[in-house]
Amino acid sequence: MIIDVIVYTSKCGHTRRYAELLGERIGKPVYSLDEAAKALSKDSRVLYMGWIHASHIQGFKKAMQQFDLKCVCGVGLCDTGTLKDEVRKATEIPNTLPLFTIQGGMDRSSLKGLDKMLISMLAKGLASKKDKSAEDIRMSELLNSDTDFVCEENLAEVLKFLAR
């Protein structure tokens with residue numbers, strides 16, 4: 001196995017739950033980024049998981065500076081396996097580092113300030129659109145309700161990569 005440990009940053013709990021699920025599945029310890037910074041050495045081989053905000057994986061830069069990253073997983077509202085190019089570019093993830101995107105969910109109660117306002121504006125914009133595509137309708141539903149897509153099935157590509 002190419003990793004020693006799983007490290008994560010989570011806002012609403014979806015990323016934490018994926019990290020714990022993956023850790024149980026492959027028998028590796030799981031740490032939050034803050035815990036890992038205190039407990040692990042710089043040469044620790046890490047699979048890093050962070051939540052996606054505006055195409056950026058939160059905590060990635062700090063994790064990249066502190067550990068030997070072997071794989072990165074971004075957890076967000078996007079469908080599993082989508083938006084990789086946008087996330088890679090926005091987060092400045094080197095092309096040599098494997099990247100996976102995983103659908104997590106939405107916890108509207110965790111939204112504060114600017115994030116709450118932006119999600120509200122996006123939802124209103126989609127609702128007012130005259131000719132809505134199937135994707136517009138789906139995104140509108142995601143933005144207007146609490147959703148939770150955390151499941152082992154969404155980790156299939158990550159598990160396949162780790163089994164090499």
Side-chain angles (χ1 to χ4, degrees), residues 1-116 118-119 139 142-143 146-164:
M1 175 113 3
I2 63 166
I3 67 162
D4 302 316
V5 64
I6 299 165
V7 176
Y8 71 90
T9 300
S10 187
K11 181 176 182 177
C12 302
H14 300 100
T15 308
R16 175 188 48 78
R17 288 177 39 226
Y18 271 125
E20 290 170 351
L21 183 63
L22 188 59
E24 287 173 20
R25 181 74 159 70
I26 65 172
K28 297 294 180 181
V30 176
Y31 295 90
S32 72
L33 184 55
D34 290 338
E35 292 169 336
K38 297 172 189 167
L40 303 176
S41 67
K42 277 190 152 306
D43 63 343
S44 296
R45 298 175 308 163
V46 168
L47 179 150
Y48 178 71
M49 303 181 92
W51 58 285
I52 298 172
H53 180 269
S55 297
H56 289 83
I57 298 178
Q58 302 303 297
F60 169 77
K61 289 189 193 275
K62 183 176 179 182
M64 185 75 169
Q65 292 170 351
Q66 294 186 342
F67 307 109
D68 180 13
L69 298 190
K70 298 298 184 186
C71 175
V72 179
C73 300
V75 178
L77 272 180
C78 62
D79 289 338
T80 296
T82 63
L83 301 178
K84 288 182 187 178
D85 291 339
E86 294 88 334
V87 170
R88 184 178 296 280
K89 183 177 179 183
T91 311
E92 299 178 5
I93 299 170
N95 288 330
T96 56
L97 190 57
L99 170 64
F100 300 90
T101 55
I102 305 168
Q103 189 171 36
M106 167 72 83
D107 177 1
R108 293 178 57 80
S109 68
S110 71
L111 296 174
K112 306 279 187 252
L114 184 59
D115 289 339
K116 186 173 186 174
L118 291 173
I119 293 292
M139 185 54 72
L142 287 174
L143 294 174
D146 287 342
T147 56
D148 188 341
F149 298 100
V150 176
C151 64
E152 189 169 328
E153 180 180 303
N154 286 338
L155 293 171
E157 290 300 313
V158 178
L159 288 166
K160 184 177 173 182
F161 168 77
L162 293 173
R164 306 179 315 159

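These numbers were taken from a predicted model, which means no experiment stands behind them.
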Determine which pairs satisfy salt bridge (charged side-chain N to carboxylate O under 4.0 Å, His left out) with at least one residue from residues 29-43, sequence neighbours left out, and list them in order. D34-K62

What residue pairs, at least two apart or across chains, pass salt bridge (charged side-chain N to carboxylate O under 4.0 Å, His left out) with a residue in residues 12-27? R16-E20, R17-D148, R25-E152

Here the ring pair (Phe, Tyr, Trp, His ring centres under 6.0 Å) pairs for residues 74-105, sequence neighbours left out, are F100-F161

According to ring pair (Phe, Tyr, Trp, His ring centres under 6.0 Å), does anything in residues 36-56 pair up with another residue at least two apart or in another chain? List the pairs. W51-H53

Show me the pairs that pass side-chain hydrogen bond (donor to acceptor under 3.5 Å, both in side chains) and involve residues 63-77, at least two apart or across chains. D68-K70

How close do [X] and [Y] get, counting heavy atoms only, and between which atoms?
X	Y	result
V158	C73	CG2-SG, 3.8 Å
I3	V46	CG2-C, 4.2 Å
S44	V5	CB-CG1, 4.5 Å
G59	T9	CA-OG1, 4.2 Å
Y8	A19	CD2-CB, 3.8 Å

With heavy-atom distances below 4.5 Å as the criterion, would you say the side chains of D4 and L40 are in contact? no

Just so I know, are the side chains of I6 and Y18 near enough to count as touching, which here means a heavy-atom distance under 4.5 Å? no

[atom2] on [Y] to [atom1] on [X], rounded to 0.5 Å:
X	Y	atom1	atom2	result
H14	I102	NE2	CD1	13.0 Å
T15	I52	OG1	CD1	8.5 Å
Q58	T91	CD	OG1	8.0 Å
L99	I93	CG	CD1	4.5 Å
L47	I2	CG	CD1	8.0 Å
T101	L77	OG1	CG	12.0 Å

Checking T80 now: which residues fulfil side-chain hydrogen bond (donor to acceptor under 3.5 Å, both in side chains) with it, not counting sequence neighbours? N154

Those residues at least two apart in sequence (or on a different chain) that pass side-chain hydrogen bond (donor to acceptor under 3.5 Å, both in side chains) with E92 are K61

Evaluate side chain to side chain contact (heavy atoms under 4.5 Å, CB included) for L159 paired with L22, printing each intermediate quantity in order. CA-CA 8 Å; L159 288 166; L22 188 59; 3.5 Å; yes

For residues 83-90, dump all side-chain donor-acceptor pairs below 3.5 Å to protein atoms at least two apart in sequence or in another chain.
unit_1 : atom_1 : unit_2 : atom_2 : d
R88    : NH1    : P94    : O      : 2.5
R88    : NH1    : L97    : O      : 3.0
R88    : NH2    : L97    : O      : 3.1

